[in-house]
Structure formats: structure tokens, C-alpha cells
Amino acid sequence: MAAQKPSVPKGTRDFLPSEMVKRNFIFDTIKEVFKRFGYLPIETPSMENLSTLLGKYGEEGDKLLFKILNSGDYLSKVKTSLIGVESGKLASEISEKGLRYDLTVPFARFVVQHLNEITFPFKRYQIQPVWRADRPQKGRYREFYQCDVDVIGSNSMLNEVELVQIIDQVFQKLNINAVIKINNRKILLGIAETINAKDKFIEFTIALDKLDKIGSDGVRSELIKSGFSESQIEDVFSVINVIDQNNKQKISFLKRMLIDSEIGLKGVEEVETILNYFETLSLNTELELDLTLARGLNYYTGAIFEVQSKDVAIGSLCGGGRYDDLTGVFGLKDVSGVGISFGADRIYDVMEQLDVFPKEIVASTKVMFVNFGEKEEKYCLPLLQKLRENGINSEIYPESVKMKKQMTYANNKNIPFVILVGENEMGKGVLNVKDMQSGDQSEMKFEKLLQKLS
RNA sequence: GUGGUUGUAGCUCAGUCGGUUAGAGCGCUGGAUUGUGGUUCCAGAGGUCGUGGGUUCGAUUCCCAUCAUCCACCCCA
């Protein structure tokens, strides 16, 4: 049989030990911050019922869902004729489960399902992979990890403030220079209302969102394509024109512009409340009111966030916002939640590119015993046990092969100390300890080694 | 879904204006050094030149298709 070429599906990856150490550093850092703010962990299954997922992420999102083929003779239950059927329609008949697309919607399902077992406001964090049938490219994978924090059951802007603080802490600890962009869906709605374009809200936000990518001319032609009138476009550009002003100036501009829009003013007030908290709170990361920030996920209803790296162009590293009615479809009305999601894989890419991973996290095994043979093994094993009892990561080479090979192994694994115990050392009751970095070698008693390593 | 890039050794890549034996560096294995890695020297293994078809006396090279890959758009973490 011809050997098959080993490969993983498009957009998925293996992680080597050296990569896992760094990934875990990111996860541990994020988790630590989440816990510091009082969030508790949960997990949900990789797959959800398709009915849970469909329709929550917009038309585009539905297309990007990975669907799982029903088990058994799935075609026998298909009622419609296979000929000329729209594939989307067929899919719903042969697939009733899908891989989760994000962690927020499963969380909403989770909250409603476990209503009696949780206490509100419910603060949870969740770090798990999600899957999207997107075309992979730079910073985009088909399987990637999200690190979500959400509070559900509280309308207070204090939650938004806390999330900004969490973002600030995480990126500070990870040594990434970032900018937090904040906006509010109510403001966008208010603008659309004010310029009489409520019916074209989606087109309006999409065009606005693209400003930094396609420039103002690009936005203008997009708006024309969507059927906006000259005067409407002028109004949109009055919003774009305040882009370089500071947060306070933007707010006073909005208050004037949205004077007749109740919802718009509500949005401005929310943003102002959040920003006001930071007049007395220290923040390392820049917090910018970005009126062109829109975000595609259409369940957001209030504040929206996005975090970008200042040094690497890779799309957003973190995003989120407030959703007033995510649990509504699952039967729980009038419960508001707010949350954000860190993209661990993109954070990894940025940190790798910037070379900001701490050097000391690569160490794993501290000590390796060279294997000289059966007699020596029996002599070393109890010592090894004692090292481990003392919390020192240690191992013995499992075979008594050529020393060169054992040393190469230790070297490749970056093990800082190698211990040689042969006939001589056993007779003298000492250990020959080699420092792999300096190459120095010295004989010492076991107790001294313990002291040296702990 | 749309447009483009690239597929040659385990990895990173060179090369062949179509010709007999396809190269380098790194890595790997062995030796110099039978109790010493990372440096040095010597030797060796490893390729159906992505896959299928076409043109040709002859294709890794030219043409077509296909798959994979990466990048951009769309959208997003």
C-alpha cells in the first residue's frame, strides 16, 4: 500500500511543544486576568444543534457554519427530491448539528438552559476552539481559540468599564501595544435615523466600517451604490470628518447632530458614562471612540469594542459588545449581557512577530540522568523520585545507549542540567552534575544538588 | 463565493532556453572521540521534481486540467 501523505484539513494546524508552551502562556495570562475580575469558567460542547446556531450571525455567518452530516442512512429521510434542490435546503435535511461558530451564542443557550443553577449577574469565562468555514489566510484559521468573558443579567455600564480594564490588563501583561476602539450601536442607529436612512442601516454601517481600508472615496462610492442621496452622504461625511478629534469633541459633536434622535442620544450617554469612569482610572492602553466601528455580528445592541495591534496589521485581536436580547430566542426575555472575545491565535501571531514572548517560558525538564545501564538505573531512580517530590521536573533517558546520543537529546530539549552517575560516582556516593550551558562539570552530593535546583 | 501566488530531499530554496548522472544549506545517520551535547573535520542515507492528461524521438522543464498552498477581496478573532 502506498503511504499516504500526512496532512491536516485546510485552515487547521498542529502545535509543536515549543508552540504549545507559548500558547499556554497566552491562555494562562488571559485566564489569570479573568479570574482576577471574578469570572468563573464554563465549557460547552464543540457541536450544537443547528437550530441554536442558524440565524444568529447573519446570512454570511450561516454560510460559514460547519455542518455535521447526520449519522446513519441520512439520505433515506430526505423528503424533497434531490434534483434541482437548493443545497442550503438540502443541508437542513441531512444535517442537524453544527460546530460552534463562536462562544457567545452557545453561552446564551447555556444561560437559559441552566437558569436555575446560576446566579445573576452571571460572570463567566470560556476558552475553547471555534470553527468557521472561511477561506484561510493571514491571521485567519478554520479552527481557532476564543477566550470569552461575558456578564449576563446586568445593565450597568460598570460591566463595560470592567471589560475595558480586562483588555488593558491582558495586553499589558502580554506586552502588546494596542488600541481599544469603542463605539455604540445606538449611536449608529441614531445617525441612520437622523439622516433618514434607517432602512439602509446595514449598508450604512458596512460602508462606514471600511473607512480605514478603502478611504473616504471608497466609502462614498459604496454609499452611492447602496442608493444614498447626495445630502445623506454629506451627512455621513460630517461624521467621518470628526475622526481626528478627541473623544470629548466627538461626543459634543454627536450631541448636536443627534439632538432629535432619542436612541442616538441614549447611545451617546452610554459612551460618555463609560469614558467618564476612566477620568479617575488609570489605563495603559489607548481608549478611542471610533464612530466608524460597526462590527458585523448583528446581535449587538449597545456598546461595541474592538482591539487592534498598533504594530502588526492582522485584523482585530479582540472584539465584543453588548447584546440586549440574545437569550430571547431561547425563551428568556429582557436579559442584557455584554462580553468580549480574545483571539488567542492572532495574539500568538502578533507576539511571535514582535518577539515578545518571555524567554524563560521555554524551560521544561530541569534535570536529566544519563542512563549507563541496569545497575545505575536502579541507583538513580530513587534520586529521581526525590527530585520530583521536590517539584523539580526531571527525567532519565530510557535506554542505555551511547552517551553522545543521550547528550544530544538533552541538548535538543534544552535541559539545563545533566547528571552522570556511573561506577565511579556510585562508589564515591556523589553525582557528576554537568551544566549544559557553561559545559562545567562538578561532583556533588545529592543534597547539594537539591539545594542548587530549588 | 471572487481574483491572484506558489508546488523540486524531513525543512528552506536553487536549477533545467526540453536531452543521458536534478543541486545547495540546514536537519538526519555513522565516524574522528567504545563516559560527554552545543563548535570543527570526514563519510553516508534520503527525490515517481504535487497528481492526471496532452505535445514530442524524449517532459521535472512547454500546454491543459486537477488538487494542495499562501495572499487579497468578502467577512471576521
Side-chain angles (χ1 to χ4, degrees), chain A residues 2-13 16 26 30 57-65 87-88 100-104 127-148 167 178 202 205-207 209-210 213-214 218 222 293-298 305-309 313-320 339-350 368 370-373 376 397 400-426 432-441:
Chain A
Q4 72 186 78
K5 242 189 199 159
S7 66
V8 295
K10 190 202 289 277
T12 66
R13 300 149 296 159
L16 292 165
I26 294 174
I30 290 175
Y57 310 105
E59 219 175 297
E60 204 65 35
D62 283 356
K63 273 193 245 165
L64 298 180
L65 283 173
S87 50
R100 63 165 168 257
Y101 179 91
D102 71 355
L103 301 177
T104 309
I127 298 178
Q128 290 190 274
V130 302
W131 294 268
R132 296 183 189 178
D134 228 341
R135 280 261 174 104
Q137 55 184 272
K138 190 185 180 128
R140 172 183 294 182
Y141 309 98
R142 287 188 155 181
E143 175 183 62
F144 61 96
Y145 272 76
Q146 289 195 330
C147 312
D148 272 39
I167 294 171
I202 305 244
T205 53
I206 288 177
D209 199 35
K210 285 193 211 162
K213 214 167 215 171
I214 59 179
E222 288 260 322
L293 175 65
R295 297 194 57 77
L297 293 174
N298 53 15
F305 306 99
E306 201 160 287
V307 180
Q308 268 156 17
S309 161
I314 197 170
S316 58
L317 301 179
C318 175
I340 49 169
S341 179
F342 291 83
D345 303 80
R346 282 187 182 173
I347 291 175
Y348 180 97
D349 290 348
V350 168
M368 186 194 87
V370 169
N371 192 324
F372 282 102
E376 289 85 348
Y397 197 88
S400 111
V401 291
K402 244 180 287 185
M403 178 122 87
K404 184 184 166 118
K405 188 158 187 188
Q406 303 192 37
M407 294 301 281
T408 305
Y409 172 85
N411 195 53
N412 288 345
K413 228 175 146 179
N414 267 317
I415 299 174
F417 296 101
V418 167
I419 297 179
L420 302 106
V421 184
E423 210 132 341
N424 297 345
E425 289 83 357
M426 288 200 295
N432 203 340
V433 179
K434 175 159 180 149
D435 181 328
M436 291 296 276
Q437 196 141 34
S438 65
D440 295 342
Q441 209 165 311

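So you know, we letter chains A, B, ... as the sequences are listed, proteins then strands, and number each from 1. What you see is a predicted model, and the numbers here were worked out from it, not measured in a lab.
- A/Cys318 comes within 4.0 angstrom of sugar-phosphate atoms only, judged by non-hydrogen atoms across all strands, and of no base.
- Residue ring and nucleobase are not stacked for A/Phe342 and B/A77 under a centre distance beneath 5.5 angstrom and an angle between planes beneath 30°.
- Checked against side-chain hydrogen bond (donor to acceptor under 3.5 Å, both in side chains), A/Asp62 has no partners two or more places apart in sequence or in another chain.
- Residue contacts for A/Gly58: at a heavy-atom cut-off of 4.0 Å it reaches no nucleic acid atom on any strand shown.
- Among the nucleotides B/C75, B/G38, B/G31, the one closest to any side-chain atom of A/Lys402 is B/G31.
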> Base, backbone or nothing for each nucleotide of nucleotides 68-73 of chain B, written B, S, -, heavy atoms under 4.0 angstrom, 5' to 3'?
Replying inline: -S-SBB
> Using Watson-Crick and G-U wobble pairs whose two distances are both under 3.5 Å, how do you write the pairing of RNA chain B as dot-bracket, with | for links to another strand?
Replying inline: ((((.((..((((.....[...)))).(((((.......))))).....(((((..]....))))))).))))....
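- With both ends at atom P, the span from B/C76 to B/U6 equals 31 Å, rounded to whole Å.
- If you check every strand for non-hydrogen atoms under 4.0 Å, A/Glu423 touches a base.
- Comparing the same atom, C1', in B/G46 and in B/U40 gives a spacing of 24 Å after rounding to whole Å.
- A/Ile314 comes within 4.0 angstrom of no nucleic acid atom, judged by non-hydrogen atoms across all strands.
- Spacing between B/U33 and B/C41 at atom C1', rounded to whole Å, works out to 12 Å.
- Set against B/G37, B/U36, B/C28, the side chain of A/Met436 has B/G37 as its closest nucleotide.
- Comparing the C1' positions of B/G15 and B/A32 gives an interatomic distance of 35 Å, to the nearest angstrom.
- B/C63 and B/U55 have their C1' atoms separated by 7 Å, given to the nearest Å.
- A/Glu425 comes within 4.0 angstrom of a base, heavy atoms only.
- Here A/Gln437 lies in heavy-atom contact (under 4.0 Å) with a base.
- When each of A/Asp102, A/Asp148, A/Thr104 is paired with A/Ser341, the side-chain hydrogen bond (donor to acceptor under 3.5 Å, both in side chains) condition holds for A/Asp148 and for no other.
- Candidate nucleotides B/C75, B/G35, B/G37 were compared by shortest atom distance to the side chain of A/Leu64, and B/C75 ranks first.
- Interface remark: the A/Lys434 side chain does form a donor-acceptor pair with the B/G37 base, using a distance-only criterion of under 3.5 Å.
- Heavy atoms of A/Leu420 sit under 4.0 angstrom from at least one base atom.
- Ring planes of A/Tyr397 and A/Tyr409: perpendicular class, angle over 60° (limits at 30 and 60°).
- Checked by distance alone, A/Gln441 brings a side-chain donor or acceptor within 3.5 Å of a matching partner on the base of B/U36.
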